[in-house]
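Scroll down for the structure; my scribbles are underneath it.
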Amino acid sequence: MNSIEENLKQIRKTIPEEVTLVAVSKTKPVSDLLEAYQAGQRVFGENKIQEMTQKWEKMPKDISWHMIGHVQTNKVKYMAPYVDTIHAVDSLKLLKEINKQAIKNDRTINCLLQIKIAQEESKFGLDTTEAKSLLNSQEVKSFTNIKITGFMGMATFTEDIEQIKNEFNSIQLLFETLKTDHPTLKTLSIGMSGDYQLAIESGSTMVRIGSSIFGARNYSH
Ligand SMILES: *Cc1c(COP(=O)(O)O)cnc(C)c1O
């Protein structure tokens with residue numbers, strides 16, 4: 001197996017410079033994160049708040065921490081002191097709590113709205129109408145300490161490349177359409193180890209890559 005450093009180098013070669021690489025380090029030990037850090041990586045993604053907080057405590061402080069998993073409202077307070085971006089925001093209730101905790105910490109927290117693009121029945125994510133109504137909501141506009149910086153999506157887990165392309169194209173279209181009226185929308189977070197090249201073809205500005213950097217995970221999260 002290649003080292004984490006070699007994997008990172010290989011991946012960086014294949015993604016344009018303006019695309020942000022989130023190194024998804026969930027389930028991996030701090031020693032692996034340090035190896036990536038020493039290779040220059042500064043953006044890390046985790047999907048469990050407790051695990052991310054423990055890693056944040058141990059790692060150097062010039063890291064951008066991205067929460068990529070589903071977030072329960074009552075757990076927001078634990079990451080509010082340090083989290084940079086929350087990727088899977090899918091309700092007004094959650095935005096409200098993130099804003100409240102961001103105010104308490106005198107910070108601004110970036111939020112991505114998770115858009116449901118997969119044809120498979122997934123529990124999470126907004127449809128087009130719901131995303132638009134959140135972006136246009138007067139209450140959301142009144143939130144002083146959050147910024148809705150873009151959209152996040154996950155394609156169906158399938159070998160069918162055409163289907164993945166269609167799903168990525170649908171979120172790209174929504175993103176490009178709404179950007180005009182909502183200039184804070186800058187980030188399109190699509191693409192994982194198996195499909196990030198297709199995502200970049202569909203305008204991804206942020207890829208979330210785990211196993212291709214750190215190796216396969218022992219158990220699925
Ligand atoms: C685990 C995870 C990833 C990374 O998956 P890999 O296939 O290991 O690259 C990306 N996004 C989300 C939301 C994840 O949970």
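All heavy atoms count here, side chains included; hydrogens, waters and symmetry mates do not. Both ligands and their constituent atoms are indexed starting at 1 by order of listing. Not measured: the values here are computed from a predicted model. Sequence positions, counted from 1, serve as the residue numbers for this chain.
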| field | Pair N110, T149: side-chain N/O donor-acceptor within cut-off below 3.5 Å | value | no
| said: For a quick check under 3.5 Å, do E6 and Q10 share a side-chain donor-acceptor pair by atom type? | reply: no
| Taking NZ, NE, NH1 and NH2 as the nitrogens, is one of them in E51 or K26 under 4.0 Å from a carboxylate oxygen of the other? | no
| Proximal atoms of ligand 1 relative to I209 (non-hydrogen, under 4.0 Å) | 9 (O)
| Pick from E46, K26, H87: the one approaching atom 14 (C) of ligand 1 most closely through a non-hydrogen atom | K26
| message | Check this for me, if you would: do E17 and R12 make a salt bridge, where the nitrogen-to-carboxylate-oxygen distance has to be below 4.0 angstrom? | response | no
| S211, any N or O under 3.5 Å of ligand 1 N or O | yes
| remark: Taking only non-hydrogen atoms of R208 and a 4.0 Å limit, the atoms of ligand 1 in range are 4 (C), 9 (O), 10 (C), 11 (N), 12 (C), 13 (C)
| request: Compute whether any side-chain donor of one residue and acceptor of the other, for Q163 and E167, lie under 3.5 angstrom apart. | output: yes
| said: Can you name the atoms of ligand 1, numbered from 1 with element, that are less than 4.0 Å from a heavy atom of M154? | reply: 13 (C)
| said: Closer than 4.0 Å to some heavy atom of S193 - which atoms of ligand 1 meet that? | reply: 6 (P), 7 (O), 8 (O), 9 (O)
| request: Using a strict 4.0 Å cut-off to heavy atoms of M152, name the atoms of ligand 1 that fall inside it. | output: 13 (C)
| query | Does the pair K93/E97 count as a salt bridge with the N-to-O cut at 4.0 Å? | reply | no
| task | Please could you name the atoms of ligand 1 that G210 approaches to less than 4.0 Å, counting only its heavy atoms? | result | 4 (C), 6 (P), 8 (O), 9 (O)
